[in-house]
Amino acid sequence: MFHLNKLNDFQYEIPLAGNMKVPGILYINEKILSQFSDDGPLKQVMNVATLPGIVKASMAMPDIHLGYGFPIGGVAAFDYDDGVVSPGGVGYDINCGVSLIATDLDYDEYRWSVNRILDELYKTVPAGIDNKSSFRINCEDENEILSSGLEWAFRHGYATDEDIIHTEEGGHMISNISAVSEKAMKRGKNELGTLGAGNHFLEIDRIDRIFDRKTAEKFGSGRENKLAIMIHTGSRGLGHQVATDYLTRLNEYDGSVKIPEDRQLISAHISSKPGEDYINAMNAAANFGFVNRQIITYKIREAFEKIIGMDFESIGINTVYSLAHNMAKVETYSIDGIKRKLLVHRKGATRAQPAGSTTGYFQETGHPVIIPGHMGGPSYVLVGLKGNEETTFSSSCHGAGRILSRKVATERFTVDGVKDDMRSRGIYLRATTGKAVVEESPGSYKNIDDVIAVIQGAGIASPVVSLMPVAVMKG
DNA sequence: ATGTAC
C-alpha cells in the first residue's frame with residue numbers, strides 16, 4: 001500500500017503524484033483502511049484525479065470498492081466549461097438507486113402478512129437476469145418515459161403527486177431521447193417493473209430505531225416498528241446499453257480524452273457533441289430508472305392491498321424517498337469562495353443535500369439519504385449535515401460496501417449455510433439463484449456501522465432512522 | 001450492473 005496522509009480520524013489524503021491534478025480524499029477510518037485487500041480502488045481514485053477539469057479532489061466514500069474505471073463509492077466534480085463527462089464515472093447501471101416506502105402497519109400486528117406479501121411480490125416483480133416484464137408499454141409510452149420520467153407515471157395512474165415530491169429531481173431529468181439507441185429502447189421495452197440481479201433487492205423491513213424524531217416525522221418514517229419496503233434497482237438493460245453505446249462511441253471518437261493510466265476512464269469534454277449526447281442519453285436512462293422503481297412501488301401497493309384487504313391509502317403506503325446513486329448531475333458549489341457550475345459524478349454515492357440547500361418539501365430538513373446494509377442487518381436513513389457542500393459536494397456513501405469479491409464469497413460460503421444464517425436472524429429469504437444467495441451473504445459486506453460512523457464523524461450526514469429486514473427478495 | 005462474450 002502506498003503512502004497516505006492521515007488528515008483526521010475520518011479522512012486520509014492521497015497526495016499529488018504523477019499526472020494527478022488534485023489530491024485524493026478518502027473518507028475512511030483506520031479499521032476500513034486495514035480491510036483493503038489491495039490498492040486497486042485507491043489507484044482508481046488517483047487515476048480519476050488526472051482527468052481534465054477535475055476540481056478540489058477525487059473523493060471516495062467509506063464503502064469504496066473496485067469499479068469500472070471509477071471506484072464504486074467515488075465522487076468527482078468537473079468544471080462544466082473545461083471538464084469532462086465519463087461514462088465510467090456513472091457506471092453501467094445508470095440511476096441505480098433506492099426507494100424507501102413507509103406504511104402505517106405495525107409489525108407485531110401484521111407479522112402474519114409479511115411472507116405472504118413477499119411471495120406475492122416474487123410473482124409480480126420479475127427478478128434475475130433477462131427476466132421479462134408482463135408490464136407492457138408501447139413505443140409512445142417508452143418515449144414519454146425517457147423524456148418525462150415520473151410525469152408519465154403520474155399521468156397513467158402509477159404514481160401519486162406525493163411520490164413525485166418524494167423523488168430526487170421529481171423523478172425527471174432533462175433529456176433528449178434522440179441520443180438513445182434503438183437497441184437500448186428495444187431492451188427497455190419489456191423491462192419496466194423488473195428488479196434485476198446482483199445486489200438488487202426488494203425487502204420488507206420494520207423501522208427499528210429513531211435517532212432524530214423530528215426529521216423522521218418529516219420524512220414520514222417517524223414511528224418505530226412500522227413496516228417499510230425498500231427497493232434497490234436501476235435502469236436495467238436500457239441503461240446498461242446506453243453505457244455500452246457511449247463507451248464504444250467515445251473509443252471511436254478522435255476528440256475523446258484517453259488517459260494512459262486506464263482506458264476504462266475514457267471521457268469526453270462536456271461541451272463536445274458526444275459528451276452532450278451522453279448526458280442526454282444518461283438522463284433519459286435515469287428517467288427510465290425512476291419509473292422502474294415507481295412501477296415496482298405500484299406493484300407493492302397492489303400486493304399489500306391483496307394480502308391486507310385494504311386500499312393502499314388506508315394502509316398509508318407512501319414513498320419516503322427515491323434516490324439515484326449512480327449519476328452525474330449539474331450542480332453549483334463554491335470552490336475557493338467562487339461559485340462554479342460543475343458536473344458531479346456520483347458512482348455508488350448518494351446526494352445528501354442538507355437543510356437550506358434544497359428547495360421544496362425537504363428545504364427545512366434536507367432530503368432523506370438511504371443507505372442499505374447487507375440483507376441480514378440494518379439499513380439507515382440519514383440526512384445531510386450543513387457544511388457538506390464544502391467537503392463532498394453534498395455526497396454520502398450508498399451502502400455498506402463489499403468486503404469480499406463475489407468470487408471469494410462463493411468459495412467461502414454455501415447456499416445452505418447462508419439460508420440457515422438468514423433463518424436464524426428471523427429473515428424470510430427468496431432468491432432466484434443460489435449464486436445470488438452466496439454472493440450477497442451478510443459476510444461479504446463491511447459492517448455498516450463502521451461506514452455510518454465515518455459518514456457522521458466526517459460531518460457528511462447523520463442518522464435519522466434505522467431499519468431491520470424481515471423478508472428479502474434477491475434477483 | 002448486464003439477453004453474464006466478439
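The sequence lines fix the lettering, A, B, ..., with proteins before strands; numbering per chain opens at 1. Reckoned from all heavy atoms, side chains included, excluding hydrogens, waters and symmetry mates.
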Going by the side-chain hydrogen bond (donor to acceptor under 3.5 Å, both in side chains) test, which pairs reach into residues 58-75 of chain A, not counting sequence neighbours? A:D63-A:H398
Separation of atom CD in A:Q241 from atom P in B:dA5, rounded to whole Å: 15 Å
Could you give the CG-to-C1' distance, from A:D130 to B:dT4, as a whole number of Å? 11 Å
To the nearest angstrom, the CG-P distance between A:L247 and B:dT2 comes to 16 Å
Tell me the ring-ring contact (aromatic ring centres under 6.0 Å, His included) pairs involving residues 270-293 of chain A, sequence neighbours left out? A:Y246-A:Y278
For A:A197, report the nucleic acid contact type (base, sugar-phosphate, nothing); a contact means any heavy atom under 4.0 Å. sugar-phosphate
Select base, sugar-phosphate, or nothing to describe what A:G91 touches, counting heavy atoms under 4.0 Å on all strands. nothing
Once you round it to whole Å, what is the distance between P of B:dT2 and CG of A:N326? 11 Å
Could you go step by step and tell me if A:K446 and A:D450 meet the salt bridge (charged side-chain N to carboxylate O under 4.0 Å, His left out) rule? CA-CA 8 Å; A:K446 279 179 202 154; A:D450 294 331; over 6 Å; no
Taking NE2 from A:H200 and P from B:dT4, how many angstroms apart are they, rounded to a whole number? 16 Å
A:N131 CG to B:dT4 C1', in whole Å, measures 15 Å
Length of the line joining A:R236:CZ and B:dT4:P, which is rounded to integer Å: 12 Å
Give A:G239 one of three labels, base, sugar-phosphate or nothing, depending on what nucleic acid heavy atoms sit under 4.0 Å from its own. nothing
With under 30° as parallel and over 60° as perpendicular, where do the rings of A:F70 and A:H345 fit, or are they tilted in between? parallel
Send over the distance from A:D93 CG to B:dT4 P, rounded to a whole Å. 16 Å
